Amino acid sequence: MTSLEQRLRALASADLQGIRRGIEKESLRAQPGGGLALTPHPAALGSALAHPNITTDFSESQLELITGVHAGVASCLDELTQLHQFVYREIGDELLWVGSMPCGLPADETIPIGRYGASNVGRAKSVYRMGLGHRYGRRMQTISGIHYNWSMPGVSNDGYFALIRNFRRHSFLLLYLFGASPAICSSFVAGREHRLQALGNHTLHLPHATSLRMGRLGYQSDAQASLSVSYNSLDNYGASLHEALTRPYPPYEALGILNPGGEYNQLATTLLQIENEFYGTIRPKRVIRPGERPLHALRERGVEYVEVRCMDLDPFEPVGIGAGTIRFLDVFLLHCLLADSPPDTPHEISALARNQHRTAERGREPNLRLERGRHEVTIAEWGAQLLEECGPIAAALDAVQGGSSHRDALASAAVALRDPERLPSARVLNAIRREHDGSYIGFVKACSERIKQVLTHRPFPAEMQTRFGRLATESVEEQQRIEGADTVPFEAFRQQYLSPQRLVV
């Protein structure tokens, strides 16, 4: 019996039944013609600052829908579906863009940054986004995806960091199986150097790409590439982030906090303005108290859950992710937790970055090889080994929950591993070529229109509309309360919040 199987047997049924998950799903609001909607966040959706379920991400045009914490996959998807139904009823003829790579974009400086009102907290959120725009460009920030939050009772800090190390080693499999962004609208890279190939009408692609979102064109940063963050312990991770949050970075110092007109360029001149600026495929998380820094919360109270950040929106699924994918993620995350997880090293961290880029940009290339230790191995070979090791985990989850849904999800993954044409990335390219004259915008617009029609025609009881309407009203009232409670000028608030002392226990 392997050590993984021994650890699996040692888990109680209550541990497996205690798995909890939640979803955060980003989507751009798009005009009917496929361009970015430049309208403000719809007032009927409530306050983006204070609503518990409906907010914005980087842009005023970029919705983020957030479920609560759920014991069941079906209930989680039900809530996410209801949020979509409510939003669709309030956005008129606009679409929710169902692709991870953005719709047609205007000039970079005209992409609207999220606005959160006049409070110090609200202003800080907008200034942070202004900083992101200066540092990385606004277009990059319009990329959207699914964040999957996951926890299991009884997992220690060391257990979660062991999970994270294995996730980073093996997340290539998720990019391969579920990546759905092999093509983009050419407006995304206007004026930038790139290695993409023309596909058709204002459309660029890489022929074997799985997830351009997770490749060099996506959430990448030359500045952050200098960070070699270790996940060997909470202390190691905290120290790495602490330095990035407190060490001035010369190019950002040159940009300055204020522009000559006295308006804010960014929150800070450090390598990271705040913790959320650190890009990664997975994060350790802890619910924070009002005004608390996330790193302080982690250091004081430990890891509460992990946030998986590498999942593309699936344009073939009504809410961007399906039940089978979620069940596969549950199996995969348990494998990451239970398998042996040696410490990471700077050499391995560099290799993992190369593996991510290879898979994102060339994942379906026949016999593509990834780095594993001192050797290279094909994606198909490594992936098959991981899926085989996941078999007992899927069986254990099915035994606890009944049915065969986890084993079915694993079997579907095994079929796709052997037949890349079944992968979402291949299906996207085939549909663009065959049904939309090579147009990425045409393909995603058609998917967005179809999904909007499907979800607006599903039953949506009046009491549900009333409940979401009440949440919107309450969020506006909460924003007003927050604005009325401010007692210090914004600059004093900014300096206090960013004080290095706020990061330590």
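As a basis for the values below, the full set of heavy atoms in this structure was taken, side chains included, without hydrogen atoms, waters or symmetry mates. Since this is a predicted model, take the numbers as computed values, not measurements.
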Which side-chain N or O atoms in residues 185-193 pair as donor and acceptor under 3.5 Å with protein atoms at least two apart or in another chain?
unit_1 : atom_1 : unit_2 : atom_2 : d
Ser186 : OG     : His202 : O      : 3.3
Ser187 : OG     : Leu105 : N      : 3.1

A side-chain contact here means heavy atoms from C-beta on lying under 4.5 Å apart; do [X] and [Y] qualify?
X      : Y      : answer
Tyr231 : Ile349 : no
Leu175 : Cys310 : yes
Gln82  : Arg467 : yes

Strictly below 4.0 Å, N to O, side chains only: are [X] and [Y] in salt-bridge contact?
X      : Y      : value
Glu361 : Arg195 : yes
Glu371 : Arg354 : yes
Arg358 : Glu376 : yes
Glu449 : Lys445 : yes
Asp330 : Arg327 : no
Arg135 : Glu277 : yes

Could you pull out all residues at least two apart from Arg434 that satisfy side chain to side chain donor-acceptor pair (under 3.5 Å)? none

How about Asn430: does its CG atom have over 12 heavy atoms from other parts shown lying under 6.0 Å from it? yes

When you look at CG of Asp419, are more than 12 heavy atoms from neighbouring residues, nucleotides or ligands closer to it than 6.0 Å? yes

In this structure, which one of Arg21, Arg286, Lys285 forms a salt bridge (charged side-chain N to carboxylate O under 4.0 Å, His left out) with Glu307? Lys285

Judged by modelled atom types alone, do [X] and [Y] share a side-chain donor-acceptor pair under 3.5 Å?
X      : Y      : value
Arg129 : Gln141 : no
His134 : Gln266 : no
Thr378 : Asn367 : no
His70  : Ser75  : yes
Gln385 : Arg372 : yes
Arg364 : Thr210 : no
Ser144 : Gln62  : yes
His84  : Lys452 : no
Ser404 : Asp398 : no
Gln453 : Tyr88  : no

If the plane angle is over 60° it's perpendicular, under 30° parallel, otherwise tilted; pick one for Tyr440 and Trp97. perpendicular

Option passing ring pair (Phe, Tyr, Trp, His ring centres under 6.0 Å) with Phe172 (candidates Trp382, Phe332, Phe167, Phe178): Trp382

Tell me whether the NZ or CZ atom of Arg20 lies within the 45° cone about the ring axis of Tyr305 and under 6.0 Å from its centre. no

Please identify each residue that fulfils salt bridge (charged side-chain N to carboxylate O under 4.0 Å, His left out) with Arg169, with sequence neighbours left out. Glu348

I'd like to know if the side chain of Ser126 reaches the main chain of Arg123, judged simply by a donor and an acceptor atom lying under 3.5 Å from each other, with no hydrogens or angles considered. no

Side chain to side chain contact (heavy atoms under 4.5 Å, CB included) for Gln273 and Tyr252? Distances and angles first, verdict last. CA-CA 10 Å; Gln273 298 174 87; Tyr252 301 157; over 6 Å; no

Candidate pair Arg407 and Val331, rule side chain to side chain contact (heavy atoms under 4.5 Å, CB included), full reasoning: CA-CA 9 Å; Arg407 285 169 291 175; Val331 173; over 6 Å; no

